[in-house]
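Values in this document were obtained by computation on a predicted structure and should not be read as measured data. First the proteins, then the strands, lettered A, B, ... as listed; each starts at 1.
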Amino acid sequence: MISSSVSITAFVVHSIAQTAVDKEREFGDLDAVVGDGDFGFSLARGFEIVLQEWDALDRSTPSVFLQKVALVIAGRIGGTSGPIWGTAFLRAAAAVKDKEQLTGADVVAMLRAAIEGIKMRGKADLGDKTLLDALVPATDALEAELIAGTDAQRALERAAVVARASADATTSMQARRGRASYTGERSIGSPDPGAVAVAVILERLAAEWSLS
Amino acid sequence: MISSSVSITAFVVHSIAQTAVDKEREFGDLDAVVGDGDFGFSLARGFEIVLQEWDALDRSTPSVFLQKVALVIAGRIGGTSGPIWGTAFLRAAAAVKDKEQLTGADVVAMLRAAIEGIKMRGKADLGDKTLLDALVPATDALEAELIAGTDAQRALERAAVVARASADATTSMQARRGRASYTGERSIGSPDPGAVAVAVILERLAAEWSLS
Amino acid sequence: MKKFVNDPKQYVPEMLKGIALANPDKLRYVPEYNLIMRADGPNPNKVSIIQGSGSGHEPAHVMTVGRGMLDAACPGDVFAAPPMDYVYETTKLMASPKGVLLLVNNYTGDRMAFEMAQEMSAAEGINVKTLFIDDDVAVQDSTYTVGRRGVAGNFFVMKAVGAASEAGADLDELIRIGEKVDSVTRTMGIALTSCTPPAKGSPLFEIGDDEIEVGVGIHGEPGRRRAKLTTADEMTDELLDAVVGDLPYRAGDRVALMINGLGGTPISELYILYGRAHEQLRQRGIEVGRSYVGEYCTSLDMAGASLTLVKLDDEIERLLEAPAEIAARVF
Amino acid sequence: MKKFVNDPKQYVPEMLKGIALANPDKLRYVPEYNLIMRADGPNPNKVSIIQGSGSGHEPAHVMTVGRGMLDAACPGDVFAAPPMDYVYETTKLMASPKGVLLLVNNYTGDRMAFEMAQEMSAAEGINVKTLFIDDDVAVQDSTYTVGRRGVAGNFFVMKAVGAASEAGADLDELIRIGEKVDSVTRTMGIALTSCTPPAKGSPLFEIGDDEIEVGVGIHGEPGRRRAKLTTADEMTDELLDAVVGDLPYRAGDRVALMINGLGGTPISELYILYGRAHEQLRQRGIEVGRSYVGEYCTSLDMAGASLTLVKLDDEIERLLEAPAEIAARVF
Ligand SMILES: Nc1ncnc2c1ncn2[C@@H]1O[C@H](COP(=O)(O)OP(=O)(O)O)[C@@H](O)[C@H]1O
Ligand SMILES: Nc1ncnc2c1ncn2[C@@H]1O[C@H](COP(=O)(O)OP(=O)(O)O)[C@@H](O)[C@H]1O
Ligand SMILES: [Mg+2]
Ligand SMILES: [Mg+2]
Ligand SMILES: [Mg+2]
Ligand SMILES: [Mg+2]
């Protein structure tokens, strides 16, 4: 079991980063369907840098740590994903400013802040066929489980299941934001790469949590 | 049966021209192996013009007629084949200058003159893996048959058979002239397109002769 | 993947290094930010013009840096908008007292990176404005989308503002000119094949031997529709109809006509398209005042072409005519 | 066949028509002889320079007609030397009192057509000389072959004699200059794919997904050997070794370095090759004085590239530096 909130935060970020690096090809191929195929490459190159600079990242508080990660992401990931993911990490950091220990409610607050940041940055909303369509329902599920008193492992597993189902459900949506939106109705029939990435990240996180 | 030597000459030229047009793709594909694939296109475009201008070609004598054909070929066929085939026709014309009626010996003389013209123009000789390697043995065969008193039909058939065997035999030769020579030993293993064309032309001529 | 590549991750840096080596007196390469800048920049007497976008569209934009065009280009990886940091650092490096103009093709990622970088640079007191280019008529604008895409027509915006800035125009004047050129520029493209991003190593999309993608994007995004391969004339006419139909034209109008190759199509074919388009315009009473045939904004090795029309007036024509000196050159 | 084509038989004429329409003030097209000539030619005060060859190598040579380069180009069909008549008529049309220089890449068909046309023109009192270009080191010369092929290096011969003739050089002087440039120019190419001649409609040769043809000709003729696809650096080094090894070089020598695209390779990749070649030359103590990256002599849509080195002296460098105005242009 992780001993402090900074360590837990670092564990989560490390898991996300490793997923981005490992799944480069899969994410890229998803983006090739109605996008331009760079999603996997962009995420991988950025999170690669996070991993390279891993030991040097300031760990004073979870917030400071997340802010450092956010700067690398926003500054070094290209494409739409750089600003979107960077804003998400930045807002999550701001949501728990000065806190040393994070509660379940803090985690939900961070996710909600990240979601608001993505909506603002991308002028996007639920139903536009973006990563929001997996991230929002997964956050809802996580919150519901935590309120119901479920333990972290179970709550994470539940969030991952919901994220996967939601990502799958983006298949029938028509994209209204991002590059896929140019294709109009032809965007229907394949899932949104960003939404799938959210599901894959949560699945891996849930799997690794039990081993941690 | 053809009634005069001009008509016979025209019949032969027409058969050659029609072969060039009909076999465009086959000749082109042969040239694609170690050449540049244009042999069929070049011959077809030139002989197409011969056929287009067919009725207007001066028929005063076989020689005049062949000279007109030669000018179209030399002037309008591109690639190596224009100068080579044009020179061949020009020399054949010169060999029977002023003659009204042509004998078998005249025909052989025309072919010998054409061969000399090709050798001069192409700085080529027997064994260089060019059309000469079919044309020379076929001419030898034709001459031998005519001297032996064989009729025209049989003599032509014999020449065609020799041309085909000789064209096939170019497969094992290494090209020493023309574009194929650049490839050195890699030119071994496929027949020379020009030699194959000579065989195909003679085969068709032999087949049509009986019907004429 | 049949490409001249070493490590796909080094595709863009190695290309940029090559550009700098080939133009030692004219260009400088700053590896930290994928930056290609004029060796003599920034020039305090002119507005600095910077364009960024994903890579894979060369000569746009890293090969169009030079006198009379861009002062710097700041590319991202293949098909990925440059990271915000790169844009921000490039803006700071190129800051001129007369200001900085950022040219951006209208894509979500590019808009975000440039808007964020603009905010940060403005906060540091740099006078910086951004101009979005959106000439592609293939995708219709609607409240649900992010507007039209910027494609090969960006050449004309770059060229016009480049010439004007060289002549001393200030930042507002450049914005006026750039917006005007963008507003009279329309493009549509057709893909015959997909492209192969080096990192992916296989074609971006599947397309049948007898199929074309009408209205394709320069990142291989799908366009209006899949259609059957047809003659050069019919494909030209379809592009021309779409482009001419998107602006009101009158007999006697003068245009610049560009046939842009997408990377894998030889220039001989582009001239076949050009000839048809020129003649069809003549039949419509539209006069071609300036012609452009070649590669201006590509999509890696994609076979295909786009057709751009710019409605000319005296000011635009004069700016397009002005000389320029860039890496994409013959001599 | 994924091409912008109408009738394959009209491929060349339609391309030529497009070139003329795109350059109405500068160029004239004479359909009878596939002829592209300067609209203001022939100029009685300069030697007329004419290059002919098969088509499919564009921009060579129909797009390199203009002030400072060719006075006319007289192409044949795709990969077929022009018919003798065309060369003859072109020579007559371009006859200048100062004479006519025929530039010919060294191939059997081209040699024959030009030699026959030269004889016929000379018989009519035209002062005409012929210069053969043979820069390809891929195929070794021997008594059994017709000598080396002329490939992308022909650009430098055209450029040098074009500049000299513009400055008033006479025919003998042009022959001297052209022969000198040819004698210090060496090229070798690599094909990653075949090309597809429009009339054939399918690839000219088969080549595996992991194979390259080292020393390929610009008509898709086989080269030295089939090899496995490797890295951009290794392929560059192989070309460079072959080209540098074919002339005696000393540390301190200056060269022009050209990376020429064969038609289907994007310019981004060409700059990757360029960067490597430039650095390797530096390591050998050879200085790149002038650089050329792009398409100069293509093989339709073939993916691949060639590397050319020209050993520079002051005279050659000055001639290469001189301005020129041709259809293959950016603005
Ligand atoms: N406007 C937007 N707001 C939020 N998310 C977006 C937006 N546009 C795209 N996305 C997300 O980004 C993903 C694509 O990222 P990426 O490939 O980096 O973008 P690009 O289209 O610039 O290549 C999409 O799958 C989607 O989930
Ligand atoms: N020097 C030569 N002399 C005689 N015949 C030749 C010579 N070079 C080539 N040929 C013949 O021409 C044929 C090729 O013709 P063509 O395709 O028109 O030439 P190119 O190589 O110019 O494309 C060869 O198959 C050969 O028979
Ligand atoms: Mg993408
Ligand atoms: Mg041939
Ligand atoms: Mg992208
Ligand atoms: Mg040929």
Side-chain angles (χ1 to χ4, degrees), chain B residues 24-25 27-29 31-46 48-49 70-87 90 118 120-125 127-130 173-187 189-190, chain D residues 8-9 34 52 54-56 75-89 107-117 136 138-140 142-149 194-206 215 217-226 299:
Chain B
E24 172 177 350
R25 183 152 301 267
F27 292 169
D29 288 348
D31 189 35
V33 182
V34 286
D36 59 349
D38 64 335
F39 176 60
F41 188 87
S42 292
L43 276 197
R45 291 298 81 71
E48 227 166 45
I49 298 172
L71 288 181
V72 174
I73 293 174
R76 304 298 292 277
I77 296 188
T80 301
S81 297
I84 289 286
W85 290 59
T87 302
L90 217 50
I118 294 172
M120 179 278 299
R121 178 65 61 207
K123 305 190 179 67
D125 215 331
D128 286 347
K129 191 167 184 157
T130 70
M173 295 180 174
Q174 177 169 340
R176 294 193 296 203
R177 282 290 172 265
R179 195 178 304 279
S181 68
Y182 298 126
T183 65
E185 293 182 357
R186 291 171 70 180
S187 63
S190 53
Chain D
K9 292 181 200 171
N34 273 4
S55 289
D77 269 305
V78 171
F79 294 171
M84 183 202 64
D85 257 19
Y86 291 16
V87 184
Y88 172 54
E89 297 293 343
Y107 297 96
T108 304
D110 298 79
R111 285 193 79 114
M112 287 178 185
F114 278 83
E115 278 165 349
M116 288 164 75
D136 189 0
V139 290
Q140 295 306 316
S142 89
T143 43
Y144 292 127
T145 69
V146 293
R148 292 175 160 186
R149 302 178 291 207
S194 174
C195 54
T196 294
K200 180 164 164 60
S202 59
L204 192 50
F205 56 86
E206 298 292 323
I218 56 171
H219 309 85
E221 312 102 301
R224 285 188 176 181
R225 64 188 182 93
R226 251 330 134 85
S299 185

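Residue contact with chain D, scored on non-hydrogen atoms closer than 4.5 Å, involves the backbone and the side chain of B:Asp36 alike. Heavy atoms of B:Arg121 lying under 4.5 Å from chain D belong to its backbone as well as its side chain. There is no contact between B:Glu185 and chain D, counting heavy-atom distances below 4.5 Å. Residue contact with chain B, scored on non-hydrogen atoms closer than 4.5 Å, involves the backbone of D:Pro82 exclusively. Interface residue B:Arg76: backbone and side-chain heavy atoms are both found under 4.5 Å from chain D. Contact of D:Arg224 with chain B is made through the backbone alone, with heavy-atom distances under 4.5 Å.
A cation-pi geometry, defined here as NZ or CZ lying under 6.0 Å from the six-membered ring centre and within 45° of its normal, does not hold between B:Arg179 and B:Tyr182.
Of the listed residues (B:Gly75, B:Gly122, B:Gly78, B:Gly37), the greatest number of heavy-atom pairs within a distance under 4.5 Å of chain D belongs to B:Gly75. For chain D, the option among B:Gly28, B:Gly82, B:Ala74, B:Ser42 with the highest count of heavy-atom pairs below 4.5 Å is B:Ala74. For the options D:Gly76, D:Pro222, D:Gly223, heavy-atom pairs under 4.5 Å to chain B are most numerous at D:Pro222.
Checking side-chain atoms of B:Asp128 against main-chain N and O of B:Thr130 turns up no donor-acceptor pair under 3.5 Å. Side chain of B:Lys129 to main chain of B:Ala180: no donor-acceptor pair is present (N/O by atom type, distance under 3.5 Å, no hydrogens or angles).
Proximity of D:Met84 to D:Met112: side-chain heavy atoms (C-beta onward) are nowhere separated by under 4.5 Å. Here the side chains of B:Asp38 and D:Val78 are not in contact, with every heavy-atom distance at 4.5 Å or above.
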For residues 194-202 of chain D, please give each side-chain donor-acceptor pair under 3.5 Å, one per line with the distance, not counting sequence neighbours.
from, atom 1, to, atom 2, distance (Å)
D:Ser194, OG, D:Leu204, N, 3.0
D:Ser194, OG, D:Phe205, N, 3.1
D:Lys200, NZ, B:Asp29, OD1, 2.8

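Scanning for ring pair (Phe, Tyr, Trp, His ring centres under 6.0 Å) contacts around D:Phe114 gives an empty result, with sequence neighbours left out.
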